[in-house]
Amino acid sequence: ASGIAIKTEIVVIGAGQAGLSSAYHLRKRGLEPGRGFIVLDQSPQAGGAWQFRWPSLTLSTVNRIHDLPGLSFADTIDTAETQVEAAVAVPRYFAAYEQAFDLRVYRPVKVVAVCERAGRLRVETDRGNFSARGIINATGTWETPFIPDYPGRDRFRGRQLHTRDYRTADEFAGQHVVIVGAGISAIQLLNEISGVTSTTWVTRREPVFRDGSFTEEDGRAAVAMVEERVRHGLPPNSVVSVTGLRNTPAIEAMRARGVLKRLPMFAEITKDGVRWADGAFQRADVILWCTGFRSSLDHLAPLMLREPSGGITMTGRLATQVLKDPRVHLVGYGPSASTIGANRAGSAAAAELMGWLGLPEAAPH
Ligand code: FAD
């Protein structure tokens with residue numbers, strides 16, 4: 001792309017939890033929103049990926065959404081309303097947040113590539129270009145659903161969809177649904193769909209449900225494991241994948257209904273079902289892949305940040321800084337891929353990147 005690029009010190013790419021936390025801390029340290037730093041987001045409205053979540057994901061069924069720094073979620077919503085959709089409540093909160101701190105998010109603006117240009121970083125978008133000295137990338141995972149390759153995937157005549165396409169269980173009434181995956185989303189959707197129709201649940205490994213509630217110490221241990229990986233240049237596994245599953249009243253109820261019977265992965269997909277290596281067959285109308293997401297980082301490809309292993313070696317206090325190119329921070333990636341992690345990482349990235357670029361810290365605007 002050519003044309004004049006708007007100059008700024010730092011571009012923040014993405015305005016979910018990670019991008020907003022970063023922007024808040026840049027502003028608090030004295031960079032002026034819209035001039036010293038610019039936030040770009042491709043989504044139509046405030047809320048990050050939360051605006052796209054399925055309607056039955058309510059404030060009572062999410063794990064926990066941590067407050068962004070400086071403004072409490074509870075101030076923007078009646079927290080007694082636990083049935084309210086996350087896809088409604090979080091965008092409302094983020095919109096109020098952007099306003100409260102005057103973060104001036106430019107949207108919808110999709111970053112298509114970031115490349116080196118005369119010692120600066122050129123941020124190319126579908127709405128013009130920006131030239132920055134550093135970037136904080138906070139693009140999450142929602143744009144990059146992952147579906148593993150199994151033989152016969154193209155042969156299947158039924159419907160295949162990924163977690164991100166799910167809206168409501170009712171649309172599957174009368175159909176047999178095969179649900180693939182062992183994460184929290186797989187189990188929540190299995191719970192809902194098995195309430196209206198017949199299901200088969202398949203996972204690669206036998207899921208282990210542990211008793212007792214999830215403690216802060218469990219959380220820290222899980223984050224440390226992911227951090228260790230990215231500091232060694234390995235691709236991150238999701239924080240949730242290492243925290244494991246807990247027995248909850250909802251899980252007990254599923255067990256009692258007999259829907260938590262897990263089968264190993266099938267070996268192939270046929271035109272009308274799935275077949276295991278031993279020849280067993282299950283007819284299916286729908287295959288729902290709850291097989292997770294990958295980090296949405298394709299626009300950074302020109303910077304060649306990846307190692308041969310496919311990972312990106314991270315450094316810095318909370319492992320947000322890219323070792324190969326310290327002008328680039330990744331927030332909401334690896335160990336900070338949770339709402340609480342994204343908060344902390346935004347603070348660390350803002351401080352370190354401003355320090356690296358030699359930007360003076362001034363009184364907030
Ligand atoms: P996002 O919220 O995905 O924001 C990224 C933003 O970047 C989006 O607005 C996107 O449009 C934009 N973007 C992407 N690519 C580009 C581009 N090229 N150019 C411009 N903009 C771009 N975590 C918890 O802590 N608690 C929970 O209860 C919880 N529940 C979850 C439930 C589900 C179903 C899923 C999938 C995840 C859940 N998580 C939860 C994890 C959660 O997604 C993260 O913790 C956090 O919300 C992610 O924030 P983020 O800012 O990194 O990404």
Side-chain angles (χ1 to χ4, degrees), residues 11-24 38-68 73 85-87 89-91 93-95 97-98 105-114 123-127 130 135-146 162-166 181 183-189 214 219 222-223 236 238-241 243 290-301 320 329-346 349:
V11 170
V12 178
I13 310 174
Q17 186 97 12
L20 292 185
S21 164
S22 304
Y24 169 91
I38 289 175
V39 188
L40 307 175
D41 191 88
Q42 72 175 35
S43 295
Q45 54 156 328
W50 291 100
Q51 66 196 279
F52 306 116
R53 307 280 203 245
W54 53 91
S56 58
L57 193 72
T58 64
L59 295 187
S60 64
T61 54
V62 296
N63 288 339
R64 169 143 188 225
I65 300 169
H66 282 268
D67 282 349
L68 282 160
F73 196 4
E85 292 174 26
V90 181
Y93 171 43
F94 282 16
Y97 190 85
E98 289 173 14
V105 178
Y106 289 63
R107 65 164 63 86
V109 180
K110 180 182 168 68
V111 174
V112 291
V114 179
V123 179
E124 299 179 353
T125 83
D126 58 355
R127 306 275 297 271
F130 298 81
I135 63 167
I136 296 181
N137 190 82
T139 46
T141 59
W142 189 256
E143 305 302 325
T144 320
F146 173 73
H162 183 270
T163 319
R164 86 194 285 277
D165 310 312
Y166 176 81
I184 294 168
S185 303
I187 291 167
Q188 278 187 3
L189 302 195
F214 182 69
V223 167
S238 78
V239 174
V240 175
S241 78
T243 57
C290 298
T291 38
F293 296 84
R294 296 289 182 263
S295 303
S296 306
L297 298 175
D298 285 357
H299 54 287
L300 302 183
T320 61
H329 279 255
L330 307 182
V331 177
Y333 173 80
S336 63
S338 68
T339 53
I340 189 167
N343 268 1
R344 294 179 182 145

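Numbering of ligands and ligand atoms starts at 1, following listing order.
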Practice task
For the residue pair Y166 and W54, categorise the inter-ring angle as parallel (less than 30°), tilted (30 to 60°) or perpendicular (more than 60°).
Solution key: perpendicular
Handout entry: Within-shell test, W54 vs ligand 1, heavy atom, strictly < 4.0 Å
Key = yes
Practice task
Check side-chain hydrogen bond (donor to acceptor under 3.5 Å, both in side chains) between S22 and all other residues, then give those that pass, not counting sequence neighbours.
Solution key: none
Exercise for the section: Side-chain contact test, heavy atoms from C-beta onward, threshold under 4.5 Å: evaluate it for H299 versus N137 and give yes or no. Expected result: yes
Handout entry: Within-shell test, V109 vs ligand 1, heavy atom, strictly < 4.0 Å
Key = yes
Fill in the blank from the handout: Quick note on ligand 1: atoms under 4.0 Å from a heavy atom of S338 include exactly 25 (O), 45 (O)
Problem - Proximal ligand 1 atoms for G48, defined as those under 4.0 Å from one of its heavy atoms - result: 2 (O), 4 (O), 8 (C), 9 (O)
Completion exercise
Among Q17, R164, R53, closest by heavy atom to atom 39 (N) of ligand 1 is R53
Handout entry: Closest candidate by heavy atom, reference atom 3 (O) of ligand 1, pool A49, A15, P91, P145
Key = A49
Problem - Element-labelled atoms of ligand 1 that are located less than 4.0 Å from some non-hydrogen atom of A138 - result: 5 (C), 6 (C), 7 (O)
Exercise for the section: Between S296 and ligand 1, find which residue part has any heavy-atom pair under 4.0 Å and reply side chain, backbone, both or neither. Expected result: neither
Exercise for the section: Just say parallel, tilted or perpendicular for the rings of F130 and Y106, cut-offs at 30° and 60°. Expected result: perpendicular
Practice task
Report yes if the side chains of T320 and I136 come closer than 4.5 Å at any heavy-atom pair, otherwise no.
Solution key: no
Exercise for the section: Could you list which atoms of ligand 1 come closer than 4.0 Å to a heavy atom of G14? Expected result: 6 (C), 7 (O), 12 (C)
Problem - Non-neighbouring partners of R294 that pass salt bridge (Lys or Arg N to Asp or Glu O under 4.0 Å), sequence neighbours left out - result: none
